Amino acid sequence: MTFVLDPFEPAEQPPGGSVADALLAGLNPQQREAVEYRGPSLLIVAGAGSGKTSVLTRRIAGLLQSREAWPSQILAITFTNKAAAEMRERVQALVGLEQAQGMWISTFHSACVRILRREAEQFGFAKSFTIYDSADSRALIKRIIKDLDADTFGFTVSQASGKISKLKNELQDVESYARGANFSDPNEIMFLEIFRRYTQDLRRANAFDFDDLIGQTVYLFRAFPQVAALYRRRFRHILVDEYQDTNHAQYALIRELTRPVTQGDLPLDRQGRGHLDAASLTVVGDSDQSIYAFRGADIRNIVEFERDFPHSKTILLEQNYRSTQNILDAANAVISNNFDRTDKKLFTTIGSGEKITGFTGYSGHDEAQFVANEIAVMHEQGVAYKDMAVFYRTNAQTRALEEIFIRSALPYRVLGGTKFYERAEIKDAMAYLISVANPADPMAVRRILNVPRRGIGGVTEATLQSYADRNDISLREALRKADELALGPKITAAVLGLAAILDEVGLDGDASRPADVLTTLLEKTGFIDALRASRDPQDEARAENVEELVAVTKEFQKNSSTGTLIDFLTEVSLVAAADDLDDSSGTVSLMTLHTAKGLEYEAVFLTGVEEDLLPHRMSANEPGGPAEERRLFYVGITRARRRLFVSLAMTRAQFGDVNVAMPSRYLQEIPADLIDWKQSPGMATSRGGTQPRALNARRDGSSWGFGASAAREPGGLPPAPPRVKAEWTNLVTGKVRDNGDLVLVAGDRIRHADFGDGRVTVVTGEGPKSVAEVQFETAGRKRLLIKIAPIEKL
DNA sequence: CTTGCATTTTTTTTT
DNA sequence: AAAATGCAAG
């Protein structure tokens, strides 16, 4: 985590040479120019799959090889740790391990933590600050709202935390917000108070939240010009990936780093000069892939780049090296519906490839079954599981997919989703580590107070807290003074015992190493033993999870011999589960559309392409919401190399009951001749014909081959079955199969188009949502939405 | 203070 | 359907 910061290096800048031919091999003219161009600022507009990572890595390699820059003068920013790791690897492959030492290739957040850790004492934070993730800050806000009785004003935690996050992304603090506040509005006064308390509590806890990491770094640079000058001297070449997803704070950070160093700033360089030109800035992005407006990303940053940086150069990369023309045509058609964008058309020389396969399932499970079937077929044909991925809009959609995948024995893994570090028992164990590393943090101490159970409940906690407040000491210190409070003898002993354990383990201070600390803590507190002794059957798994965490700390200690406890905590806070995706695993990947950005697969399934899901219901009111959802769909489409599947369901289970789902408006934006609609069993049979699903799935197996040549003419494909299209058109206009007011009661015999004859056992729900549970003679027990199921009463 | 049961709320996406 | 919250009994 330490690095050498030498402000005098620029004076030794070697004379620039030209970029070696080897680095340019295989690049098209635009890519080549993007690698070779030299100037103050460069915008690379990189369409999906246009080889931007190659360009970026070669550009860095070129700077190093031509000796225009030392490695330590390069700062490359990516959005995920995974992207950073990949970029580092590829640069290393180009210039060698040694030449790549000293570069900063990291996320905004990691880079800022490094800077803040180094400079923390400059502005009143201890070096040992910890980082609150979103769950932590929500917990804090929840506490504050409760404390202030703000919920009676109608404040919810998510409203308040959302608003605070938004303000921080705009570099607003309590003071600046208060200046513009409307003091006649009691709601606003209350919010201001929440914001004030939150800011104050974070500072007292010696903690930053995610947004602070960026915002406080900007503040640091602005308030301490000599600190800013240090980093401006160091970083002479700044490269930012996914620039369309930067928010205002991140933009401001880049601006601060790319200011010229002026005469008055210290330190001077070796010749005693103060002045130094602004660092060169390269940004790469694609406004069509901007999908993070909800967390403050401002698309204007990229749209107005040329205005912001007046002498900048713009290079467009439009040739796509990833997908077939059919997939690109679909993507182009969809995204062209977003007005207010500079037109950009991806093209390829790969050829048209297979058509997109469409599927409408009867239910989410039916859809999942289709996905599983198709994956099995492709796997038989030689496509590796790791080359296939299933995308969805919301994490909740994984449930049906997982159920079917398990039943079908398909190897899969879920990226993102409920992460290891979000599990309660892991958070508890981490809270122990935080309590040792950062004794000022009361949230962590509060969390472990009664884990494992020691009889310290809410009353005791409040007593300790108020004692801490009265004496202006931390909660952690108050624990040590438990004997000065009128607590019961048992409880006093428990509190003092905990304080003693924390104190003892914390003796090593900065030299503490995570595995040693954790094992000692777990042993002394009996944390794992308590889980093992519990009669809750889930606690066994929890104990194993904690063991797993111990293994992670040991691994960390092995890999980084100098790594301290604080380093470990930082890494855990900043590394998301999606970052450790390991492509060698041989499993199908399941992930949200957001997680999918930047990745690519041979075959991609876009599931749940329905109204209220994509676009999501919540986005409907947001200005620019539907356009952003369209970009999300676009991102999903463009992840596919050879095969793309889009699927939806006619009914979708949500909040525990079943709702009718409509096809997404975006489906109509894909030219009809690009999609080969397969029928869902339910739909096919709703017109009378009965086709076993297995037969259906392989019906036109002729068109399944991978790498199938571009020679397959569109006319040679089986015509899209008109029946299906008619059905689909019906769906678009809002009609689904409708049994009218068909009423069923327990005991009725029915015939289902797929499942055959059966007897109704139970009917639940009212009106159009009533559901019949049916025991079929051959197909087993099923739950059917009476209004639209392909059934008739016998 | 803990446990067990009933009631309510939740689901957008993430560094 | 699952998780979080609230409440009463022990």
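None of these values were measured; they are calculated from a predicted model. The sequence lines fix the lettering, A, B, ..., with proteins before strands; numbering per chain opens at 1.
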**Student:** Could you tell me which residues satisfy salt bridge (charged side-chain N to carboxylate O under 4.0 Å, His left out) with A:Arg446, sequence neighbours excluded, listed by chain and number?
**Tutor:**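 Once residues adjacent in sequence are excluded, the partners of A:Arg446 under the salt bridge (charged side-chain N to carboxylate O under 4.0 Å, His left out) criterion are A:Glu461.
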
**Student:** Whether A:Thr80 contacts B:dT14 is assessed here as follows: a side-chain N or O lying under 4.0 Å from the phosphate OP1 or OP2. Is that the case?
**Tutor:**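 For A:Thr80, the contact criterion (side-chain N or O under 4.0 Å from OP1 or OP2 of B:dT14) is not met.
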
**Student:** Rounded to the nearest angstrom, tell me the gap between atom CZ in A:Arg423 and atom P in C:dA2.
**Tutor:**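 Rounded to whole Å, this separation is 16 Å.
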
**Student:** Between atom CG in A:Asp245 and atom C1' in B:dT13, what is the gap in whole Å?
**Tutor:**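 From A:Asp245 CG to B:dT13 C1': 12 Å.
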
**Student:** Can you list everything that forms a salt bridge (charged side-chain N to carboxylate O under 4.0 Å, His left out) with A:Glu611? Sequence neighbours excluded, please.
**Tutor:**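 Once residues adjacent in sequence are excluded, the partners of A:Glu611 under the salt bridge (charged side-chain N to carboxylate O under 4.0 Å, His left out) criterion are A:Arg665.
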
**Student:** Would you kindly give the CD-to-P distance between A:Glu422 and C:dA2, to the nearest whole Å?
**Tutor:**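 My rounded result for the distance is 19 Å.
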
**Student:** Expected output check: what is the dot-bracket annotation of DNA chain B, where ( ) and [ ] are pairs inside the strand (brackets for crossing ones), | is paired with another strand, and pairs are Watson-Crick or G-U under 3.5 Å?
**Tutor:** ||||||||||.....

**Student:** Take atom CD1 of A:Ile77 and atom C1' of B:dT15, then tell me their distance rounded to the nearest Å.
**Tutor:**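 Rounded to whole Å, this separation is 12 Å.
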
**Student:** Would you be so kind as to tabulate the donor-acceptor pairs closer than 3.5 Å made by side chains of residues 398-407 of chain A, with sequence neighbours excluded?
**Tutor:**
unit_1	atom_1	unit_2	atom_2	d
A:Thr398	OG1	A:Asn395	O	2.7
A:Glu402	OE1	A:Tyr412	OH	2.6
A:Glu403	OE1	A:His365	NE2	2.8

**Student:** Of all residues at least two apart in sequence or in a different chain, which pass the salt bridge (charged side-chain N to carboxylate O under 4.0 Å, His left out) check with A:Asp211?
**Tutor:**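 Not a single residue meets the salt bridge (charged side-chain N to carboxylate O under 4.0 Å, His left out) criterion with A:Asp211.
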
**Student:** Salt bridge (charged side-chain N to carboxylate O under 4.0 Å, His left out) with A:Arg447: which residues, sequence neighbours excluded?
**Tutor:**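 With sequence neighbours excluded, A:Arg447 shows a salt bridge (charged side-chain N to carboxylate O under 4.0 Å, His left out) to A:Asp428, given in chain and number order.
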
**Student:** So, using side chain to side chain contact (heavy atoms under 4.5 Å, CB included) as the criterion, who are the partners of A:Asp298 when residues are at least two apart?
**Tutor:**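 If we apply the side chain to side chain contact (heavy atoms under 4.5 Å, CB included) test to A:Asp298, skipping adjacent residues, the hits are A:Arg300, A:Asn301.
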
**Student:** Produce a footprint string for nucleotides 5-12 of chain B: one letter per nucleotide, 5' end first; B if the base is under 4.0 Å from any protein heavy atom, S if only the sugar-phosphate is, - if neither.
**Tutor:** -----BBB

**Student:** Kindly give the atom pairs (protein nitrogen or oxygen, nucleotide nitrogen or oxygen) under 3.5 Å for nucleotides 1-3 of chain B.
**Tutor:**
unit_1	atom_1	unit_2	atom_2	d
B:dC1	OP1	A:Gly457	N	2.7
B:dC1	OP1	A:Thr460	OG1	3.4
B:dT2	OP1	A:Asn450	ND2	2.9
B:dT2	OP2	A:Asn450	ND2	3.4
B:dT3	OP2	A:Arg453	NH1	2.8

**Student:** A:Asn545: which residues meet the side chain to side chain contact (heavy atoms under 4.5 Å, CB included) condition with it, sequence neighbours left out?
**Tutor:**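 Checked A:Asn545 against side chain to side chain contact (heavy atoms under 4.5 Å, CB included); matches are A:Phe420, A:Arg423, A:Glu425, A:Ile426.
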
**Student:** Nearest-Å distance, OH (A:Tyr292) to P (B:dT13)?
**Tutor:**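 These atoms are roughly 11 Å apart.
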
**Student:** Please name all residues satisfying side chain to side chain contact (heavy atoms under 4.5 Å, CB included) with A:Arg255, sequence neighbours left out, ordered by chain then number.
**Tutor:**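 Residues passing side chain to side chain contact (heavy atoms under 4.5 Å, CB included) with A:Arg255: A:Tyr251, A:Arg259, A:Asp308, A:Phe309.
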
**Student:** Taking only residues two or more places apart in sequence or in another chain, which ones pass side chain to side chain contact (heavy atoms under 4.5 Å, CB included) with A:Arg295?
**Tutor:**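 Once residues adjacent in sequence are excluded, the partners of A:Arg295 under the side chain to side chain contact (heavy atoms under 4.5 Å, CB included) criterion are A:Phe79, A:Tyr292.
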
**Student:** Are any non-hydrogen side-chain atoms of A:Met662 and A:Met650 less than 4.5 angstrom apart?
**Tutor:**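 No, side chains not in contact.
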
**Student:** Working to the nearest 0.5 Å, report the span between CD1 of A:Ile214 and CD1 of A:Ile115.
**Tutor:**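 Between atom CD1 of A:Ile214 and atom CD1 of A:Ile115 there are 9.5 Å.
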
**Student:** Provide, to the nearest angstrom, the distance between the CG atom belonging to A:Asp209 and the P atom belonging to B:dT15.
**Tutor:**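 After rounding, the reported distance stands at 15 Å.
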
**Student:** Rounded to whole Å, how long is the line connecting atom NZ of A:Lys82 with atom C1' of B:dT15?
**Tutor:**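 In whole Å, B:dT15 C1' lies 16 Å from A:Lys82 NZ.
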
**Student:** If only side-chain N and O atoms of A:Thr592 are considered, is one of them under 4.0 Å from the OP1 or OP2 phosphate oxygen of B:dT14?
**Tutor:**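 So the side chain of A:Thr592 is within the cut-off, an N or O lying under 4.0 Å from OP1 or OP2 of B:dT14.
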
**Student:** Would you mind reading off the distance between A:Asp657 atom CG and C:dA2 atom P, rounded to a whole angstrom?
**Tutor:**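 Those two atoms, CG and P, are 14 Å apart.
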
